[in-house]
Structures are given as structure tokens and as C-alpha cells.
Visitor: 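I have a structure I would like to understand better, so I am pasting it below and will then ask my questions one at a time.
Just so it is clear: chains get the letters A, B, ... in the order the sequence lines come, proteins before strands, and each one is counted from 1.
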Amino acid sequence: MNDQSQNLPDYNPQAVEAEAQSWWSDHDSFKAREDTAREKFYCLSMFPYPSGRLHMGHVRNYTIGDVIARHQRMLGRNVLQPMGWDAFGLPAENAAMAKGVAPAAWTWDNIAYMRRQLQSLGFGIDWSRELATCQPEYYRWNQWLFLRLLEKGLVYQTTGTVNWDPLDQTVLANEQVIDGRGWRTGALVEKREIPMYYMRITAYADQLLEALDTLQDWPERVRLMQANWIGRSEGVEIAFPYDASAREAIGADGALKVFTTRADTLQGATYCAVAAEHPLATAAARSKPDLAAFVDECKRGSVMEADVATAEKRGMPTGLHVIHPLSGARLEVWVANYVLMGYGEGAVMAVPAHDERDFEFASKYGLPIRCVIRSPSGACGDTVAPWQPAYAEHGVTVNSGVFDGLDFQQAVDAIAAALEKKGLGRKRVQFRLRDWGISRQRYWGTPIPIIHCADCGAVPVPDDQLPVVLPEDCVPDGSGNPLRKREDFLACTCPKCGKPARRETDTMDTFVDSSWYFLRFASADSARAMVDERVRYWLPVDQYIGGIEHAILHLLYSRFWTRVMRDLGLVALDEPFAKLLTQGMVLNGIYFRKTGTGRIAYYNPTEVGERDDGAGGLAFVLLADGQPVESGGMGTMSKSKNNGVDPQMLVDTLGADTARLFTMFTAPPEQTLEWSDEGVQGASRFLKRIWRAVHGHVAGGSAGPVVPGELNEARRTLRRQVHQTLAKVSDDISRRRTFNTAIAAVMELLNALNRAETVAPADRAVVQEALELTVLMLSPIVPHICHRLWNVLGHDGAIIDQPWPQPDPAALVADTREIVVQVNGKVRGRVTVAAAASEADVRAAALADDNVQRFVGGQPVRKVIVVPGKLVNVVV
RNA sequence: GCCGGGAUGGCGGAACUGGUAGACGCGGCGGACUCAAAAUCCGUUGGUGGUGACACCGUGUGGGUUCAAGUCCCUCUCCCGGCACCA
């Protein structure tokens, strides 16, 4: 295209974006209406926590969703793209402590600011369905469903272990425990047992695992993470009957139950071990002060499981014994710190010869080791001491009496059958998944709807008294839950007996709030029900987009909650999210200096420049003082590393379209995205180029429609590229979700367009069509500039109401093709042949090529492989 | 430790089903415009050799399958993510 840069209007993103946004707002463009005659598309990005300002991760997340939503809209779907606020949670309480404002006020201010930011980025959101989880109209349904689950036995109360800060007299979340100390007080954190409510997610473990296979449009990685988290194990539950000593200590008959996946090694069990919290440990500790001290010590240890895993194995005998269910031998019962109360029965049979942990423990305490599995090398075939490391693989049984000579499965089957006959065991499945503890000793959350009565105990709040409203004017000071000091909240009457009673002050885990918000968007204004019949139309979510950090908990809880609501007859839905896209993190450079006191000072990348280091390389220096700083490579944008980029700055200077284009172009959506100021400039440059291309073309006067018969070779070639690009972009956006390659293809097209002839009417017609299609193709990604350019190209309506274009099949047809010719697999030439050429013709043309002949060099041709339309390989 | 993913120019990345490695962008280099700079535009840019046509080498390592391997199989190294005493 000839350069017509004179007198063309400048690209002013602020003006263009304001105009487009007010058009959409004036026309209520994104309001979604139920219409069963139309195919719906529910596009949802994970709702944000209202932390104060959007960060780049949000921009990336919501841009991906908006591109998909706008594309689906152009394909004719009835699109719903809602937005809400995950508004309860700890940061609001921290901000309250730091600034002395109530969490509610802080949260609502943040929501107002971030809503404006989302609007300034041009996301096509139906704001009429906006919700915040801290609204009583929303969280009353958390309470209502909690009561339904309580009725069904899917919510129950038991004691749970929490981190307790003894100075602040408060419960700490795991992330508030740093090196075993409270983050504010520095006091040593204790474990505390307190009553908590649990949701019986384990009752759904089997179906949550099995249904993962139906989620074919979820990333394999996420399904695997969930499968590992649920952790299904097939094994045998075995009872070791108490001997006289144990019966006496417990004061009853009975047996120690264990779970094992290695019932084939039962004859190698030489002792049993129980967790410190196990009833047998408690019973034995009553008469043994040193054991009581050890049990206490184990209980006090860190709640963090990572620390537990690396701790040295320690234990102490209980002095009690149990009877081996097959051999009748007396086995000693130990308390061991490596046995978890929360898995299986909280007790294990120990087979040191075939389990590394038991081996380490038995070696340390001199316990017997008995080999019952022969390894392939035979090393475990006899009972020579000292024993070498445990052989934990499957193998053939030995030293097991009637069970000798069996492979793993045969041995498990035979031993399980023998145990079952004696009533001392049965096969069963064990899951790693634990029930979901939802109580939080926190203020800023959904109040748990329970009333404590001195006479009646814990009484559910009747439905007609819902919601239990959280007072919004509390200002937490760090010393426990402020609700405990609110007499107006605490005081109530028992629904059963009418006497004065106290309200529960615990609130719900915020994962409860986010486990069903996607359902509420479909009936956001329903005051009388949690969800209504509109859920049937909109659900499931067709495309869900969010961070990989939610791969396990949020997605698993949401799947569980959906099934619970299904079983209550509230929805007809097994799985809430049909397709899932997990976007990668946004990274930026990390620069720092170690200060004299050993502390590390981080510098924002904008404060750092590059200098010649005098040795042929580059050194990083702080612009302010010219002195070197160290580079810490790329890392997630975070406050602590001082490497964040404020999206608002970008929107205010280069515009929302540049921000959107950069995040979509620089990396595929699932990968990490490395921030680059030069890359942002590149995105802005491309928008200016397309702006100029359109205005330059239009300045040349009007253009008629393309008449295919009038096109010469060059015009046909250009037009073919236009329609090939359209086909590729359609596929990249809808199927592959590789927005980066879609944009690259459009960039290539624009490069070709800038080189094209634009004088003859036929040329202008081809360019007009090309620019129209280019603007249509880019409109989901950079909607504002395309909104304007569509009108500049001579169209009256808004581009948002245009259908997604289809490539013209006739334009895609080529008369000739370039074929690559290889000799022995190396490219030696190219020949142009008619598209319809036969294989024999292609072969002849390839062999006739000069350079090909040079490399064949008269040698006998052994074989010629012809890949139609692509390449010929001559083997000599 | 177990499970999963990855390694391609100076950088981000492309190559989708085994068929032209390095699309597109950034950066670099050369040029045009300018008093100059910025902006913009044009050209060039994996390495080595050659004036050149071109040749050789090249997708973390070593091997294999194939007419043909970044892509498939085996070995090793390093990176990243998840789980982490789950019996």
C-alpha cells in the first residue's frame, strides 16, 4: 500500500476507547437474556478477590475470557459473561488492623475502584448480574445449604486441630505461621483442638474421582492433580485383637484396626504402630507418664505437613500387645510420630522388611525384621542379619506358611479371604481425601447459622430466621474474633426452648462462597430461592478460565457442591465446568541489592537500566545512582519482590487495547507470560500500523466489491492469503485457543497488505475486503480500535453486531503449488507445479530440477517418496 | 521420594497429524526522512566458510526407529509444577 501518512488522523486510544465503551453501555450490549430458542454460551473467568487494584494476572485472565466470549457472540451464541467479587477473607481483616477501617468499608471501596478498572479494559460483562459474596442476599444461601447438609448428615461437628497464637489468643491460617511462629507476635505457635464443622466431601470421593474421566476438555494436568489429591487406594482392613494387657487398659474387648495396601506381607508384621492421637495411645498414656509426655510432644508439633514429613522417626512402646490375626503371635504396640491419625485407622501393621518407614523405625529401636517377599535377586529370601534396606516392591511370598509361593494379587486375595472367614478383616477402599473443615475463627466471613443453648446444645437457626447477618462495622484488632465481643450479635434466644442463648461466632471458609457463585449468576436476582429454573438454561459453564493455583481446592469443592445441590434437587447437573483453561502466571524481572544488615532491597524493573560492564557483557544498574544491582531472573509479579506492573498505568498511557494485545500475543494462554516493556511498545506499534493502514486506504477514495473474475495472479495470491488467514484465526481462537498464533497470522497479513498494489479499482477492492476481514478478526482481541475502524471502513452499524466471517472456499483454491524437493532427506530445490498435477508429473518435475540433478549426480535412484501437495524425497 | 510438564537464535515464542526448523514480535545492524533526536518507513539478522551461486553444522546429552525426527522409542543432565511418612 502506498504511504499516505499525510493528514491522517492520529490514533488516540483514550478517545477511541471511551467512544466504544459508551456505545456498548448506551446499547446495553452485554446484557444477557434467557432465550431458549438460541444456543447459549456461558463464559466465566474466576471472580477476583477485591484486593484494591487489578494486577496483570487479572488483566490476562479477563482478556482471555473476553476474547472467547466476543468470538462466541459473533458466532451467533447467546453469550453470558458475568462478574462478581470473592469478597470475604483475611486480607480485609489485615487491612482493617493496619488502617483502622472496617473490613466492609474497605471491601466496598475496593470493589468500586476495581469495577471501574474492569470497565476501562472494555470487558463485555453483564453487570446487571454482579454479586459480592459479602452481601447477605448471597451468603444467606451458604447458611441455608449448610442447614440442609446438616439435616442430611453431610455436615457434622468434631474437633479439629488449628494453629494457635498464645499471645494474640487467636487462630492463625497456615500462611500466617512463619518458621513455627505467629507472623505478628513472633510467639511459638501451638496446636489446639477445637470443635469445628466439617463437610463430608469424602462421601463423594468415588464419584468425584470417576467423573474426572468425563472432563475431556479439562487440562490433563488438572485432572491428574485432582486424582492424586483424592488418592484412591485398594487394600485390606485388618483387626489385631487385644491381648489381656490391652483389654485391661482399654477396659473392654476389641481389636486394633489397621488399613494396609500390602496384605500380602501380613506374615512379616512384627509390631503395630499408632498415632499419638489414637485412643490406644491415650489409654496407655494414663498409667505411663513418660509416654504421656511423648504423646503431648507429638501433638504439639507443627501443623504444617511438610515439616512432619522431614522429621526424624521417633516412637515409644505402649507396653500393650495385640494378637496377630493369622499366626497368633503377640505383637507390641508402639506410638510413632510417622503414623497419621487422619488416614486409614490411625494405626498400621509394621512390616520392616518390606516398608522403608517401618524399616527405619525398626532399625532404630531394635525391633524384629521378618522377610516374607522374595526379591528377584533373592536377597530377601532368608533371614540373614543385619538386614539391608527394605524390599518394598511386589514379589512372591515366602516364610508365610500356607500362603507361600503366591504373587502379589494372589497373596492379597488369599489372605483377605482367610481374614474374612475369621471375621478379622475385609477388603476395602481408602481415600487420601479428608473431609472439608469449614469453620474459621474469623470475623469477615459467612456466620455459621448455629445457636448454642445451655440446655439444648447446638441448635440450627430456623430457615425463617435467615440470614444470620454479619455486623459490618467491626474493626478487628488482631486479638481474636471481634464477634465474640459483640453482645448485640451474640445475644439470641434458643429456637427450641426459647431461653436466652448465644450465637456461634465462627464463620465459613471462603471456599464455600466460591463453590457455587457460578450458579447464582444464572439467577442473581432471585430473592426466594438459592437458584431457579434459569440455571437449567445457562449451566454448565461452557468455558471456565482461571489460575492454575485453583486446580485442586476451588475446582474440587465446586464439583462437590454442584453434586450436593444436584442430590438436593436444586440443579440437574453433574459437573459445573465443561471446558477449563488454566492461564499461566505473569512474570517480571527481579532486581535486588543486599544491604549491609543482610536484608535484601528489591528494585522495580522500571528503576533499573543496563550498562556495559567493561568486560564485553551487560551489567544492571540502578538508574538513580548508577551503581550495580543483582538480577534474580524472572519471577511472579508480587509486592514482596517489588516487580509488579500496574495495569492502570498502561491503560492510561497506551490504552486498553495495547494491554489486551500484549497479554494475548506474547505467550500462549496456558504458559507463563514474561513482561517486557519493549513487547508492550511492539503491541502498540502494531495497532498504530493497522490504524494507518485503514485510514490510508480510505483516504484513497471508495472501493467496490471484489469481482473474482477480474483478478490477476498477484491479486488472487493476496486474496488467498486473506482467506487462509481467516481460516487459521478462526481455528486458533475457537479450537486451539492459541491467541498468540492468531495474532501473528494477522500481523503477517498486514505486512503483505502494506506491500500490495493499491492503484487499480480491482486492487482497492481486494484491499478493502482484506482490511474489513482483518478488523473483524481482531475485534474480539482489541475491540475498541476495531469498533472505530469498522465505521472508518464505511459501515454504519457497530462491529460488535457483525457475524464472524467465513472464508470463501473459492478464494482458497490455488492454481499452482510449490513443492519442496529433497535428496536423501535434505532440501535441494523447489519446483512449482499445477495444483492438479499427477504424482507422476510432480515426480518428473522434481527430478528435472538442476540442483536436484547435481546431488543425484548420476547415482541410481532407489526410491522416490511423494507427499501430495508438499514434498518429494529422492533417495539415492 | 512419588506423579506430571518442559529444554528450539541475543530474548519471548512458532512449527497442530513424523514432511521446508526458527513464523510473528522484541532486540541488533545498515539505510531513508530530520539541523539533530524521537517517532515512522525500507532492508537485513541461527552459526561457520565463501565475492557469490551455494555448502557444511544446528532444536539440552548419548543412542535407536524411519526415505524423512524439534516431533516417535530408550539413556542421561538440568529446569519448573503438584503431592509429600497416605501404610
Visitor: Name the closest nucleotide to the A/V348 side chain, picking from B/G27, B/G19, B/A87.
Guide: B/A87

Visitor: Would you indicate which nucleotide in B/U40, B/C24, B/A87 comes nearest to any side-chain atom of A/N751?
Guide: B/C24

Visitor: Can you confirm whether the side chains of A/N751 and A/R689 place a donor and an acceptor under 3.5 Å from each other?
Guide: yes

Visitor: Considering only side-chain heavy atoms of A/R735, which listed nucleotide, B/A55, B/A14, B/C16, is closest?
Guide: B/C16

Visitor: Would A/R232 and A/E234 count as a salt bridge (charged side-chain N to carboxylate O under 4.0 Å, His left out) here? Give the steps.
Guide: CA-CA 7 Å; A/R232 184 179 197 272; A/E234 290 182 6; 2.8 Å; yes

Visitor: Out of B/G27, B/A55, B/C57, which has the shortest distance to the side chain of A/K826?
Guide: B/C57

Visitor: Would you kindly give the CD-to-C1' distance between A/E393 and B/A87, to the nearest whole Å?
Guide: 16 Å

Visitor: Which nucleotide, B/A87, B/C41, B/G13, lies nearest any side-chain atom of A/R689?
Guide: B/C41

Visitor: Does A/Q430 or A/S676 map to a spot on RNA chain B nearer the 5' end, using the closest nucleotide for each?
Guide: A/S676

Visitor: Partner lookup for B/C78, please. Criteria are Watson-Crick or G-U wobble with both distances under 3.5 angstrom; report none if nothing qualifies.
Guide: B/G6

Visitor: Go ahead and name the base partner of B/A37; Watson-Crick or wobble counts if both distances stay under 3.5 Å, otherwise write none.
Guide: none

Visitor: Send over the distance from A/I548 CD1 to B/C83 P, rounded to a whole Å.
Guide: 11 Å

Visitor: If only side-chain N and O atoms of A/Q671 are considered, is one of them under 4.0 Å from the OP1 or OP2 phosphate oxygen of B/G13?
Guide: yes

Visitor: Counting heavy atoms from C-beta on, name the nucleotide in B/A87, B/G19, B/G27 closest to the side chain of A/S233.
Guide: B/A87

Visitor: Could you state the CG-P distance from A/L661 to B/G25, rounded to the nearest angstrom?
Guide: 12 Å

Visitor: Under a plain distance cut-off of 3.5 Å, with no hydrogens placed, do A/T738 and A/T741 share a side-chain donor-acceptor pair?
Guide: yes

Visitor: Are any of A/R737's side-chain N or O atoms less than 4.0 Å away from OP1 or OP2 of B/C16?
Guide: no

Visitor: Taking atom P in both B/A23 and B/C74, compute the distance separating them and give it to the nearest angstrom.
Guide: 32 Å

Visitor: Please report the distance, rounded to the nearest Å, between CD in A/E549 and P in B/C83.
Guide: 12 Å

Visitor: Under a 3.5 Å limit for both distances, which nucleotide forms a Watson-Crick or G-U wobble pair with B/A23, could you say?
Guide: none

Visitor: Checking base pairs now: Watson-Crick or wobble, both atom distances under 3.5 Å. What partners B/C83?
Guide: B/G1

Visitor: If I pick the P atom on B/G9 and the same atom on B/G5, what distance separates them, to the nearest angstrom?
Guide: 22 Å

Visitor: Give a yes or no on whether a salt bridge exists between A/E237 and A/K427, defined as a side-chain N under 4.0 angstrom from a carboxylate O.
Guide: no

Visitor: Looking at B/A87, B/C67, B/C16, which one has an atom nearest to any side-chain atom of A/R736?
Guide: B/C16

Visitor: Using whole Å, report how far NZ of A/K688 lies from P of B/A38.
Guide: 14 Å

Visitor: In whole Å, I'd like the distance from the CZ atom of A/R221 to the P atom of B/G6.
Guide: 10 Å

Visitor: Could you please name the option among B/C16, B/C24, B/U20 that lies closest to any side-chain atom of A/K728?
Guide: B/C16

Visitor: If anything within 90° of 0 is syn and all else is anti, what is B/G82?
Guide: anti

Visitor: Which base, if any, makes a Watson-Crick or G-U wobble pair with B/U17, both distances under 3.5 Å?
Guide: none

Visitor: Which whole-number value in Å describes the distance from A/N754 CG to B/C24 P?
Guide: 14 Å

Visitor: A/V875 side chain: which of B/C24, B/A87, B/C67 is closest?
Guide: B/C67

Visitor: Taking only side-chain N and O atoms of A/N228, does any of them lie within less than 4.0 angstrom of OP1 or OP2 on B/G4?
Guide: no

Visitor: Any salt bridge between A/E670 and A/R60, counting N to O under 4.0 Å?
Guide: no

Visitor: Do A/T265 and A/M349 touch side chain to side chain, with heavy atoms closer than 4.5 Å?
Guide: yes

Visitor: Nearest to the side chain of A/N873, which nucleotide is it out of B/G19, B/A87, B/U40?
Guide: B/G19

Visitor: Ignoring hydrogens, what is the shortest heavy-atom contact between A/A683 and A/T658? Give both atom names and the distance.
Guide: CB-O, 4.1 Å

Visitor: Roughly how many Å is it from CE in A/M225 to P in B/G5, rounded to a whole number?
Guide: 13 Å

Visitor: Are the side chain of A/R737 and the backbone N or O of A/S734 linked by a donor-acceptor pair below 3.5 Å?
Guide: yes

Visitor: Angle between ring planes, A/H695 versus A/W691, binned at 30° and 60°: parallel, tilted or perpendicular?
Guide: tilted

Visitor: Please confirm whether the shortest side-chain N or O distance from A/N851 to OP1 or OP2 of B/A55 is below 4.0 Å.
Guide: yes

Visitor: What integer number of Å spans the C1' atoms of B/U20 and B/G31?
Guide: 31 Å

Visitor: Quick check: any donor-acceptor pair below 3.5 Å linking the side-chain of A/R692 to the base of B/U40?
Guide: no

Visitor: When you measure from the side-chain N and O atoms of A/R828 to the phosphate of B/C54, is any distance below 4.0 Å, counting only OP1 and OP2?
Guide: no

Visitor: Report which part of the nucleic acid A/G231 touches: base, sugar-phosphate, or nothing (heavy-atom distance under 4.0 Å, all strands).
Guide: nothing

Visitor: For atom P, what is the distance between B/A84 and B/G12, given to the nearest Å?
Guide: 32 Å

Visitor: Could you say whether A/F665 or A/K863 is positioned toward the 5' end of RNA chain B, judged by the nucleotide with the nearest heavy atom to each?
Guide: A/F665

Visitor: Find the partner of B/U59: check Watson-Crick (N1-N3 plus N6-O4 or O6-N4) and G-U wobble (N1-O2, O6-N3) distances, both under 3.5 Å, and reply none if neither fits.
Guide: none

Visitor: If B/G49 has a Watson-Crick or G-U wobble mate with both distances under 3.5 Å, name it; if not, just say none.
Guide: B/C54

Visitor: If the C1' atom of B/A68 is compared with that of B/A15, how far apart are they to the nearest Å?
Guide: 16 Å

Visitor: Using the P atom in both, what is the distance from B/C26 to B/G64, to the nearest Å?
Guide: 42 Å

